[in-house]
Amino acid sequence: MGRENDQKVGAVLVVGGGIGGIQASLDLAESGFKVYLVDMSTSIGGVMAQLDKTFPTNDCSMCILSPKLVECGRHLNIEVKTYTQVKDIQGNAGDFRVNLVRKPRYINPQKCTGCGQCAKYCPVGASDTFNENLSERAAIYIGYPQAVPLAYAIDRDKCIGCGLCSNICLVDAVQYSQEEQEEVIDVGAVILAPGFEEFDAHLKGEYGYGRYPNVVTSIEFERILSASGPYRGRVLRPSDGDIPQKIAFIQCVGSRDETCGNNYCSSVCCMYAIKEAVVAKEHVREIQPSIFFMDLRAYGKDFDKYYQRAKEEWVRFVRGRVSSVEEMPQTQNLKIKYEMDDSKLMEEEFNLVVLSVGFEPSPGIQTLAQKLGIELNEYGFCKTYQFSPVETTRPGVFVCGAFQGPKDIPETVMQASGAASCVADLLSSVRGSLTRERIFPPEIDVRGQSPRIGVFVCHCGINIGGVVNVPEVAEYVRTLSNVVYAEHNLYTCSQDTQLRIKELIKEHNLNRIVVASCSPRTHEPLFQETIREAGLNRYLFEMANIRDQCSWVHMHEPEKATQKSKELVRMAVAKACLLQPLKRLELPVTRRGLVIGGGLSGMTAASSLAEQGFEVYLVERERELGGNLKKIHYTLNGMDVQGYLKGIIERVRANPLINVYTNARIKEVAGYVGNFKTTIIADGAERELEHGVVIVATGGREYQPEEYLYGKDAKVITQRELEEKIAHGDNAVLNSNTIVMIQCVGSRENERPYCSRICCTETVKNALKIKEKNPKANIFILYREVRTYGFREDYYRKAREVGIIFIRFDEDKKPKVAKGKKALEVLVREPILGEEILLRPDLLVLSVGIVPQPDNKKLAKMLKVPLNEDGFYLEAQMKLRPVDFATEGIFLCGLAHSPKLMDESISQAYAAASRASTILAKDKMEIEGMIATVNEFRCTGCGMCISVCAYNALELDEEKKVARVNEALCKGCGACSATCRCGAIDVLGVSNEQILSLVDAL
Amino acid sequence: MSKNSELQTPNSKLQTDWEPKIVAFLCNWCSYAGADLAGISRIQYPPNVRIIRIPCSGRVHPLFIMRSLQNGADGVLVSGCHPGDCHYISGNYIARRRFAILKNLLEYVGIEPERVQFSWVSASEGEKFAKVVEDVVEQVKALGPAKRLVKRKADPH
């Protein structure tokens, strides 16, 4: 290690605890870096915590977010610092010194158990900001029920200092005297993930937000829809609590709007509006949602299908710009005036209006940017470049999420992982230098011992004890067989009780522990760690949830709650008798990666892994590296693509850690995470590669059109062919008088119902280029919807400004192209005039879509990963695992995932590298102990379990004719066990016998 | 439930202070979290339910349900993530298929359909969870104690 490396710091500061910051932190902490996760608010979770559902799968937002919150909060190498801001930063990439300021929360978070008694007694009401001020909370509050850290804070602006909370708190967590605290940390890199702020809808006075109670913003409506929202998930309007029959969604509020200075498109509003409309209708069938929009930008993976389904079954879409909203005094309904596509003025009455507000940079971001010394773009978002989408203008400071530009959750998650990968590239020499591993004493061998169970019953302050007779429960527990010791504690989770449990385990030789308190979902890991520290295997632990299932939900029936508590503990004790120590298996990891596909994504992923010090096999089917990028010459903002391509190919070729195989194909893939064996045929020779992870970057192809006389007339070409001609200075093209471009060729049709995402941008790019070289050229773009999302909107506007003419057509009224006597003839119906127009172009350019590689099916089968309906690879979970496959150790990026632009492919490639490095960073991987196990004597080899396993974790042992579990892949869901008709397959830790013991102890 | 209340009349005298016992198998990721949220939100529901936490609704072996009925449970509830939301990708679909078949069998042996119920409750649906419990308890109460399959219970001590 050189001197330079020694000066680097193996820690990272992540600013912003939304989903972007969380993902970046988890990736970094898992791949060997110490992380400080800083957030301005009292808990992490960000905007995603506020969402009800997420598009396009309608997943419950909290359900998928909450496990990540908990993981972040508990991670040994992530230090979550809430209520904290960055004050100053000094130093250079690899070695920064950061000053942080922590605001006083007036509660000691180490002591606060989150029991909530204080808030119950607090006499002061305040607006609940989590519910967008639609409901009230106390002056002592917690962000939301699942908040991490689960610690209260006092809103000192509202607090009257009465001292009730302090008197009520049994752990003395209230500290009125807390003051602002400064702290200095050293880090090697910074990731900025501060997110966004919703556009302030007050500024669009014509829509009446703030004046009319029944005009709400989309985020407010999100809370209204949420089961944990102000109306508990009932769709009601604020003025009178009625169910709004007719709901209007107004799009582009604060986006694509020069009057408020936000010229850009906020990228996500179209989709979230559809989602909110669909979810509202799911809640109440009678609701009739209408969405007023300009262009419906459903450009992402599976978005168009979601839009089509909504259009056909659920939602009315009106193409028109709303000019004003007026309240009707009697009913408080709202009258909307809008202009239709054909300039017709219309009026319509609604019960509720939802404003789809756009994204703006977070307040205070300018100050932060100044402190950090990074540049912002003209709209105040972080400035980045096309080929380095997660790098700010200051080396060592990276960015992800909405601060880089408006984007949805999966894009944010991809960029977050991508930024983590760039950090790992920078700090690979100091990986693991600051991370800690927990050291435990050797495990006590409890095999052959009869159960000696210790039971701890928790009062949880008065949360349980106030309803359930806790001493009586403890007394009852002592009468149960195998219980050697039982006691009750004020807080079983408190630090002193942890020490006590450890002592009592030794004193009484306890070999099973039962805690009767709150939810295992939040507290089981804590107690498991405690008993592990006392030398017991962590699986010798069981919990009874007598708070969430007894005292809190049967508050007025103390006797029944006590009785039920006894029964729940009895059940837990019965199961505890059968608990067995489980081993977390350790598997060796082959610390090499295989990247399939040598295009932009594949090369980016391979170089990132190599930068991090891992050896990589890069397999490309063609003779040359480069893939689709070979055909692209410049970007929308004029950057030189071929120059970039040349550079990256040289870097890849020169890197000794990257083994490039061209003219190669995959013959066979065997093995599993950490231990793959892949056979490839490169230049006719067979070769076996051993590696720990796979990144699929096989790309996509340009659709080969058959329509519009392509291939039959030389004047009909594709956008890519046009680009080639422009780049080579083809005069015939550059001197054309009239050029017509047709959009959505081969996309958004029955056969390929998805949007190819890139074509609108490509078209605007090429049209502007022609105009630049030949301002006299007449360019007509025939489109269905212009989907220049994000800052690309600027170029769309510019195109219109320079006189490029956009003519919209409907799917069922496609333009007609014929060979005229002299020139091509294009007939299109102009919707504003309602008439057909005849164009005679010198050149007709088809904006053809992206299609999946034809051999995806073959490779997918070899890798045992799924494809979606369109033939692109299908990730594990669309929102939060966008580059992971369900099968562990296999990742994807680029066009193989879905059509996307260059910068997006680069982010995603980095993301795949980051996810892959979480596995490669360790030489061993630990396997969860609660996994399936096969009793070979009972197994008949019928294969039912194999057919239900979603993780390919089961296979048939051909010799013995029995099912075999691959411990590395099993997640312990138990679908196999419940399917087995011979009782041959079981799940360790939740075995049939153990579950039945619970039932038997009823 | 008029049909069921008729069935109930012969032994209604015995049932005046009878409370049914319901076993609920809840998946860890959605429904158990939904039950937690009901608790956090202090939503009150009848104390008849004994919750058993399982990784996934797909983990529920038909035997678990049968054994519950044998052991004195008057009703069984199985609840998982909403279709499409399964933490284990497709476990709840498998559960749904399996229970469709099991229901037929149970009805065939004379178990009233209301005794064994399935629902989808997400982590954010505390109120829905409470409602589901209320409904199940009410319906099982109307049916009276389970008689089919019940084994005479040995003294646990």
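Being a predicted model, the structure only gives us computed values, none of them experimental. Every chain is numbered from 1 and lettered A, B, ... according to where its sequence line falls, protein lines coming before strand lines. As a basis for the values below, the full set of heavy atoms in this structure was taken, side chains included, without hydrogen atoms, waters or symmetry mates.
In this structure, chain A has a heavy atom under 4.5 Å from the side chain of Glu127(B), while its backbone stays farther away. Within the 4.5 angstrom heavy-atom criterion, only side-chain atoms of Ile94(B), from C-beta onward, approach chain A. Residue contact with chain A, scored on non-hydrogen atoms closer than 4.5 Å, involves the backbone and the side chain of Ala73(B) alike. Both the backbone and the side chain of Ala33(B) come within contact range of chain A, judged by heavy atoms closer than 4.5 Å.
Distance CG/Asp36(B) to OG/Ser66(A): 9.5 Å, rounded to 0.5 Å. Within the model, atoms CD1 of Ile64(A) and CH2 of Trp29(B) stand 13.0 Å from one another, a figure rounded to the nearest 0.5 Å. Note: Ile43(B) CD1 to Arg232(A) CZ = 4.5 Å, rounded to the nearest 0.5 Å. To the nearest 0.5 angstrom, Ser122(B) atom OG is 6.0 Å from Lys53(A) atom NZ. A distance of 5.5 Å separates NZ in Lys564(A) from CD1 in Ile51(B), rounded to the nearest 0.5 Å. Distance check: Thr979(A) OG1 to Arg98(B) CZ gives 4.0 Å after rounding to the nearest 0.5 Å.
Minimum interatomic distance between Ile52(B) and Ile995(A) (heavy atoms only, all atoms of both residues): CG2-CG2, 4.5 Å.
Of the residues considered (His556(A), Met62(A), Met930(A)), His556(A) shows the highest number of contacts with chain B, using heavy-atom pairs under 4.5 Å. Annotation: maximal heavy-atom pairing with chain A below 4.5 Å, among Val23(B), Ile54(B), Asn28(B), occurs at Asn28(B). Note: Pro145(A) leads Pro145(A), Ser226(A), Ser228(A) in heavy-atom pairs under 4.5 Å with chain B. Each of Gln146(A), Gln877(A), Met555(A) has some count of heavy-atom pairs under 4.5 Å with chain B, and the biggest count is that of Met555(A). Considering only heavy-atom pairs separated by less than 4.5 Å from chain A, the leading option among Cys56(B), Pro47(B), Ser124(B) is Pro47(B). Interface remark: of the candidates Gly974(A), Ala227(A), Ala574(A), Ala950(A), Gly974(A) forms the most heavy-atom pairs closer than 4.5 Å to chain B.
Donor-acceptor pairing under 3.5 Å is lacking for the side chains of Gln549(A) and Tyr45(B). Side-chain contact, Arg59(B) with Asn992(A): a donor N or O sits under 3.5 Å from an acceptor N or O.
Salt bridge present: Arg53(B) and Glu524(A) bring a charged side-chain N and a carboxylate O closer than 4.0 Å.
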